[in-house]
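In what follows, a structure is listed as C-alpha cells, so that the remarks can point back to it.
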Amino acid sequence: MGSESPAAAGRAVVVAVNGERYEAVGVDPSTTLLEFLRTRTPVRGPKLGCGEGGCGACVVLVSKYDVAADEVTEFSASSCLTLLGNLHHCAVTTSEGIGNSRDGFHPVQRRLSGFHASQCGFCTPGMCMSIYSALAKADRASGRPAPPRGFSKLTAAEAEKAVSGNLCRCTGYRPIVDACKSFAADVDLEDLGLNAFWKKGADERADVSKLPSYSSGAVSTFPEFLKSEIRSSMDQANGGAPAVAVTGDGWFHPKSIEEFHRLFDSNLFDERSLKIVASNTGSGVYKDQDLHDKYINISQITELSAINRSSKGIEIGAVVSISKAIEILLDGDAVFRKIADHLSKVASPFVRNTATLGGNIIMAQRLSFPSDIATVLLAAGSTVAIQVASKRMCLTLEEFLKQPPCDSRTLLISISIPDWGSDDGITFETFRAAPRPFGNAVSYVNSAFLARSSVDAASGSHLIEDVCLAFGAFGPEHAIRARKVEEFLKGKLVSAPVILEAVRLLKGVVSPAEGTTHPEYRVSLAVSYLFRFLSSLANGLDEPENANVPNGSYTNGTANGSTECSPENHSRVDSSYLPIKSRQEMAFSDEYKPVGKPIEKVGAELQASGEAVYVDDIPAPKDCLYGAFIYSTHPHAHIKGVNFRSSLASQKVITVITAKDIPIGGENVGSCFPMLGDEALFADPVSEFAGQNIGLVIAETQNYAYMAAKQAVIEYSTENLQPPILTVEDAVQHNSYFQVPPFLAPKPIGDFNQAMSEADHKIIDGEVKLESQYYFYMETQTALAIPDEDNCITIYCSAQLPEVTQNTVARCLGVPFHNVRIITKRVGGGFGGKAMKAIHVAAACAVAAFKLRRPVRMYLDRKTDMIMAGGRHPMKVKYSVGFKSDGKITGLHLDLKINAGIAADVSPVMPSAIVGALKKYNWGALALDIKVCKTNVSSKSAMRAPGDAQGSFIAEAIVEHIASALSADTNTIRRKNLHDFESLKVFYEDSAGDPSTYSLITIFDKLASSPEYQRRATMVKHFNGSNRWKKRGVSCVPITYDVRLRPTPGKVSIMNDGSIAVEVGGVEIGQGLWTKVKQMTAFALGQLCDDGGESLLDKVRVIQADTLSMIKGGFTGGSTTSETSCEAVRKSCAALVERLKPIKEKAGTLPWKSLIAQASMASVQLTEHAYWTPDPTFTSYLNYGAANSEVEVDVLTGATTILRSDLVYDCGQSLNPAVDLGQVEGAFVQGIGFFTKEEYATNSDGLVIHDGTWTYKIPTVDTIPKQLNVELINSARDHKRVLSSKASGEPPLLLASSVHCAMREAIRAARKEFTGAVSTGPTGSSALTFQMDVPATMPAVKELCGLDVVERYLESFHAKD
C-alpha cells in the first residue's frame, strides 16, 4: 500500500481467545468483541446484559503486548462496547479461560460458589472477571509488600470497589463482596459471612488454608504464539514503505495525524457510514442508529497517546484512557490528586480502562454529554490542543466547549492541566451528586472550584484573590463557569452575607434547560456545593448553635468520637466510604440431613466459569434467523403502515412478521392467564399503548435485527379514536376498570362507621403514591423457536410459566397443545418478569419460525425489554383512619386506584395481595374501595412480592401519619396495633394457622425493644443534635406475608448406574430450587443408605423443565415452588423406596450402586411420577419478619447512606439456610431499589424513557447497607408445612420499607432543624407531618428536607449578627 492512498483491503484481525488463535475473516466491521466471542467461538461466559457498558455482564480481560518493552498489559473491558476491529493482535481472556470444569475451576470461581455468591448466575462470569482483573492489577503493583500465603496484594477497600460497576439483581451483593474480600491480605476472615469453607459461629476457626488456594500469575493471559506473530509483523512493517494499516473489511489504523488527514482526503468514505473511534465506549451513551461500513481507529496515532510532564503541568494525549489518566494524576500534587479522585467516580473500572479522556471531552463539546471530567478540568484551568485540517490551535477548555459542535475532521490532540502545586493559597474542591456515590451513574450536578486566597488576620476568614467556579450536568449545553459569581467574590472577605449574595447570584446563572428533570433540585445542588466550598473559607460558619456535642457516628456497634459540624467536614468522614460488614445467625439441623444443610447452590461453579447454559448460549441451529420487535410510540392510534428509512441497516431486513402472518386458525394472542384474560401479540389494527409490538423484523444476525428495527418508520392515525387513558384519574373519569372476580376480592372487616365514631382522632384523606418498578433481570427476554415435522415446534425460552407458554403458543399457531414443546433449562433472573411477558417473545418467534420454516431466535435489547416489560403496579392511595389518643387504631378506609395498563394480566389478583400485607396490623374495622384501572400503558404484571410490597408500605405510611399526628414514637404505635392471635384469625382466617406459629410479636420485640435498639436510637438523637447538615433516622418495621400452596408434579428416575435424574414443574430462576430438590431427593431415598442419603447428593441431577415430559407443571412464582416441588419429589421417592426396600432387606448391607443393579436385574420400575396436591384444610400460611434500619441523609444533596439494617425472618425449619439467606438478602436489596432508588419514568404518551442502565439505577454494591445483619429464626414446627419449612423468596422484600421509614425519620429531623424551611402545602404537609411517596429518590429527599435550607441558614446567621 502506497503512502498516498490506502489499499482497499487489508489483513484479517487476529486475536487470541483463552489461548486459542482466531482469524476474523468475513466479519462485519461493526462487530463487537462480545458478538464475535458468542457467535464465532465456543465462549459463552460474557453475556449481553445491557449493551451500554453499564452492567458488567460482558466483562473480559484484554491483554496487549508491547514488543519494545517486552511487556504485557492487562485490563478489564466491556466486550459489548469494544469493537473487534480495535483488537488486532490482542489476547482476550474470559471466565472460561481462567477456570472451567475440565481444567479445574479458578479460586475466584470456587470462592464465589463457596460464599453462596451466585443465584441466577447470569452476572457471575462478569463478576468473576472483574474480581480476577482487580487481583491481577493489585498483584502487579510495585511497592506493595508481598502478601501472606494464599492472599493477594488487594486490600479490603479495593475488594469492595472491584465489582462497583457490576450489577446483580439476585444476591444483594454482600456474599460477592465477601468472596472478593477473602483474597485481601488485610481482611479478618472471621468477619466474612456464611460460607462452605468453615462453620460460622462454631468452634471451627476461619483460616486461609481452608479456602481454595490462590497464587498470582497462575493464568497465562497472553500466548507465546501471538507474541511471535506480533514480532514478525513488526519486522515486516519496518522493512516496507509507510502505509496506513488496514484490518478486515473497512478498518483503517492511521499512525499519525498526517495519515488521518490523508485518509479523509482520499475520498474513500461516505461520512454518513463512517465512524471514527478510539475505544467506542461512547456508543454506550449515544447508541448507533445505523450500521457503519468504514471505521478509522485513531487510538494508534502516536501523538494522541503522548504524556508530557513539565513544570507547567501535565499534557495528556486525547486517546489516553481515563484509568491511565488517573494513574498519572495520582502521582502529582494535591490538585492533580483531587482530579484523579473525582475521575475514579466516573463510569466503572472496566469502562474507564478503555474510555479515553479526549472522547469524554468531545462528547461534552459535540453532544452536550453531562461530563464530570469536563467540569473538573474546566475549574483546573485546562487547555486543549485541536487540529482542523492542517491548522492546529490551542484553546482554553472553556473556549473549546463554547464553540459550535466540532465535526468529524476535527481532532482533539491533547488536554493540558496546569500545575498549581507551587502556588500558595490554592484551594481546590470537586463535587458530584449522583444516584450512586462511586460511579456508574451520571451526576445530577457536578462542580469544581479553585480559589486563590489569603487568611485575614483580624477575622480569620479568607480573602479571595481569584476564583474559578465550574458547574456541569445541571441541564446546560456544556459545563460553564459562573463568571458573575466569580467577579463578585474577587476581593471579598468570605462571610455569611457574602456567601448569601453569591448564592443568590448563582441561582441566576445555573439555569437548567427546558425539559431537564428535577430542575429545582439541580439548582439547589449547585447552591449547596458553592456553600459547602465557601463555608470552608469562612471563619465562624462551621459551628452550629449546639456544637461540641460528640458526633454519634455510630457504625457497626461502635461510636467514634469525631466532631462533625461543617459541610466540608462531612467529606472527611463520609459515611459512604464505610466498609461493608455483616453478620448472619441461623440454626442448623441434622434431623432431615442432607436437607437443612447450607450446601452450595447447584451449578454455582459452572455459572462462575460461564459454562452454565442459558437460552442465548444454545448454539444457533443451521439457517437460524433473528428477530427484533418494532413497537408503537403512540398510546392509541391506527397503524396505517410500516416503512424503513434508506440505510445500511434497512438493507439487512429479510422480512417483517405481523399479525397478518399468524396462521389460519390461530389467534392474535401474546399472553394469557387462566380465567383473567388475554393480551394481543401484535397491534392490529390499532396500537393500544406506547411500546406495543407492531411487528418483528427478521434478519441474519441479532445485531442486524436490532439495527434494522431502528430504521422503521410507522405511520399513525388517530381518526375516530378516543384520547388515550394514561392515568388512574383518567380511568376514573371514563369508568375504565377491570373487574375483580368475587373469589379474588378482599373482604371488608367490621363496621367502619361505628369504628370511626369510637375514635378520639381522625385523619381524613391522607394520601400516598407508589410508582412502578422494572424487573431488571440480568438476562432479557429471549427465545429460540425450531420448527419440526407435522406442524410441531420446539421452543427454548426463558420462562417462569412453561405450561402457560405452551398453551398460548399453541392457540396462537392454531395447533394442538402437544405440537408445542417448551424447554426451559434455567432463567437468568425472573422476579415475575419472565412470566406473562416471556410468552410474547416465545409466541413471536414461533409465528416467524412457522411461517419461514427456519429456526428463529430473539434476545431483546435492554431498551426494548424495558419499554415492553410493564413492571410493578403503580398506585394512588387515599385513606381515612380513626384512632384513640393512645394510638390504638379503630378503623381504616382505604381508597385504592391501581394502574393495571391495557390488559388484565394478573392485575385482578392485586387487591387481595395488597390488603393481605396491609392486614399485618389490627385496623379494628377495615373498609375498602379498590379500582383496578384499565389504561393505555403497558400492562403491569407480577413482580417479586406483587401487591404485598405496596400493601405493607401503605400500612407503614398510615401508622407513621398517626404517630406524627399524636407526636408519638412510631414503634409504640406499631407495637400497640400488632395482632394478638384472636384478631389475627379474624383478619387472616385459615392462613393464621396454630397459635404456636405466630411469631411476629416475638420478632418485633426482639428488634424494637432490645437495649441495642434503644442505644442506637439515643445515638441517632445525639448525632442529629450535633450535626446540622447530615441527619440520621432509625426505624423498625414488621411484615406479614400470606403464601399459597399449589399442586405440583415431580418425577424421579434412577439410572442403572445408580445416578438419579429428577424433574419438577418449577423452573430454576436463581432461587435455589434445584439445590433444595437435590437435597430432598437424597433425604427421601436416604432410607436405603447407611449414611442417611448424604452420599447420594452427588448422584442427583435435576434436569430442565419440559412441557411434554412434565405435564401440568404449573408456574414458578409465589415463593412456594421450591417447597411444593420438594414435596412432590418426596412423594415420588417414597414410592421408589417401597419398591426397593424388599431387595435391601433381603440383601442386608448393600451399597447403593449394587442395590440399583439388583433392582434393575429384577425388573423393578425405577421411575416414579407424582402429583402433589396440598391438603384442602391447609392451602396457605403466614410468613413473619421485621427489619430495623438506620440511615444517614445529607441535607444538602438528598443522598442517603444506609448505615445498618438488622433483619429477623421466620424461615421455619430451613430446607437450606444458605439458599434462604441469599433469598432474604437479595429480596431486601431489591426492595431498597423499589422504595428508594429506581425511578420508572415515562413521557407524556406513557412510553418508558428510563430505558437503560444510564437512566434506570438499581442498587449497586455502594448503595447497600454498610452493615447487614440477618437472623433466620426457626419458628414452631408445623407438620403441615414441608418439613416445617417456610417460603423465603418474596416476603423479605417487604422489610426494605424500613429504609424508607428511617429516611422519613431523618428528614423529619432535618425539617425540625430548619423549621419553616418547608411550607405547609394543600395536603397539610408541615415540618413534621408530610407525604413521602415511593420511590424516595435523592431529588425527593432533598425537596422534603428543603430546597432552600442554605439560604435560610445564611439568612438566620446574618440576622443574629
Side-chain angles (χ1 to χ4, degrees), residues 14-22 32-34 36-38 41-47 49 53 55-66 71-84 86-100 103 105-109 111-112 123-141 152-154 158-159 161-166 179-180 183 214-224 226-227 279-281 321-324 327 347-355 608-611:
V14 173
V15 292
V17 178
N18 297 332
E20 296 291 323
R21 186 181 188 276
Y22 288 89
T32 64
L33 172 59
L34 179 63
F36 176 76
L37 290 173
R38 294 186 59 81
T41 80
V43 165
R44 292 294 181 272
K47 313 290 186 193
C55 75
C58 68
V59 171
V60 298
L61 192 77
V62 175
S63 305
K64 295 185 175 183
Y65 178 57
D66 184 334
E71 230 173 40
V72 173
T73 55
E74 302 170 331
F75 52 89
S76 59
S78 185
S79 62
C80 72
L81 299 180
T82 305
L83 292 168
L84 181 67
N86 247 356
L87 295 177
H88 184 52
H89 282 161
C90 291
V92 177
T93 306
T94 71
S95 51
E96 298 101 321
I98 67 168
N100 53 69
D103 304 323
F105 294 108
H106 190 275
V108 170
Q109 295 161 340
R111 294 192 194 185
L112 281 168
C123 72
T124 313
M127 292 283 182
C128 175
M129 293 312 296
S130 285
I131 295 172
Y132 177 82
S133 173
L135 292 173
K137 180 181 177 182
D139 287 334
R140 283 196 310 270
S152 76
K153 293 181 183 178
L154 192 74
E158 289 169 337
K161 292 184 180 179
V163 292
S164 61
N166 294 72
C180 192
F183 292 94
Y214 170 76
S215 60
S216 63
V219 178
S220 174
T221 58
F222 206 97
E224 288 299 323
L226 195 56
K227 291 182 181 178
S279 68
N280 197 51
T281 53
S321 72
I322 296 173
S323 289
K324 183 65 177 176
E327 190 181 312
S348 55
F350 48 81
V351 172
R352 291 195 296 268
N353 288 339
T354 55
S609 69
E611 295 170 282

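Numbering of residues begins at 1 and proceeds along the displayed sequence. What you see below is based on every heavy atom in this structure, not just the backbone, and it leaves out hydrogens, waters and symmetry mates.
Of all the heavy atoms in T94 and M129, the pair that sits closest is C-SD, 3.6 Å. Residue P125 comes nearest to K47 through the heavy atom pair CG-CE, 4.4 Å, listed as atom of the first residue, atom of the second, then distance. The shortest non-hydrogen separation linking V163 to S130 is CG1-CB, 4.2 Å. Scanning all heavy atoms of the two residues, the minimum distance from L37 to R44 falls at O-NH1, 3.9 Å. Residues S279 and N86 share a closest heavy-atom pair of CA-ND2, 4.0 Å. Heavy atoms only, all atoms of each residue included: C80 and T32 are closest at O-CG2, 3.4 Å.
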- Yes or no on side-chain hydrogen bond (donor to acceptor under 3.5 Å, both in side chains) for T73 and D66, after CA distance, side-chain angles and deciding distance? CA-CA 8 Å; T73 55; D66 184 334; over 6 Å; no
- Query: How far apart are the C-alpha atoms of N18 and V92, what are their side-chain angles, what is the distance that settles it, and do they pass the side-chain contact (heavy atoms from CB on, under 4.5 Å) test?
  - Reply: CA-CA 6 Å; N18 297 332; V92 177; over 6 Å; no
- Please lay out, stage by stage, how F183 and V108 fare under the test side-chain contact (heavy atoms from CB on, under 4.5 Å). CA-CA 9 Å; F183 292 94; V108 170; 3.7 Å; yes
- Give the intermediate values and the outcome of side-chain contact (heavy atoms from CB on, under 4.5 Å) for residues T281 and T82. CA-CA 7 Å; T281 53; T82 305; over 6 Å; no
- Message: Assess the residue pair F36 and Y22 against the criterion (side-chain contact (heavy atoms from CB on, under 4.5 Å)); give the C-alpha distance rounded to whole Å, side-chain angles, the decisive distance to 0.1 Å, and a yes or no.
- Response: CA-CA 10 Å; F36 176 76; Y22 288 89; 3.9 Å; yes
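For K153, the NZ atom sits in a packed shell: over 12 heavy atoms of surrounding residues, nucleotides or ligands are nearer than 6.0 Å.
Looking at L87 and L33, their side chains come closer than 4.5 Å, going by heavy atoms from C-beta outward. Here the side chains of S133 and P349 are not in contact, with every heavy-atom distance at 4.5 Å or above. Side-chain atoms of K161 and E158, non-hydrogen and from C-beta on, never get closer than 4.5 Å to each other.
The aromatic rings of Y65 and F222 lie tilted to each other, with the angle between the two planes from 30° to 60°.
Expressed to the nearest 0.5 Å, how far SG of C128 lies from CZ of F105 amounts to 10.5 Å. Here CG of L154 is found 8.0 Å from CG of D139. Values are rounded to the nearest 0.5 Å. The line from NZ of K64 to CG of L226 is 12.5 Å long, rounded to the nearest 0.5 Å. Here the SG atom belonging to C180 is positioned 4.5 Å from the CD1 atom belonging to I131, to the nearest 0.5 angstrom. Atoms CG and OG, from L135 and S152 in turn, are 4.5 Å apart once rounded to the nearest 0.5 Å. Taking OG from S95 and CD from Q109, the interatomic distance works out to 6.5 Å, rounded to the nearest 0.5 Å.
Looking only at distances, a side-chain donor or acceptor of R38 sits under 3.5 Å from a matching main-chain atom of P46. Between the H88 side chain and the V14 main chain, a donor and an acceptor come within less than 3.5 Å of each other. Side-chain atoms of T124 do not come within 3.5 Å of backbone N or O of A608 as any donor-acceptor pair.
No side-chain donor-acceptor contact under 3.5 Å links N100 and S609. Checking N353 against S321 by side-chain atom types alone, no donor-acceptor pair falls below 3.5 Å.
Electrostatic pairing of K227 and E224 counts as a salt bridge here, judged by a charged N lying under 4.0 Å from a carboxylate O. For the pair E74 and R140, the salt-bridge criterion is met [side-chain N within less than 4.0 Å of a carboxylate O].
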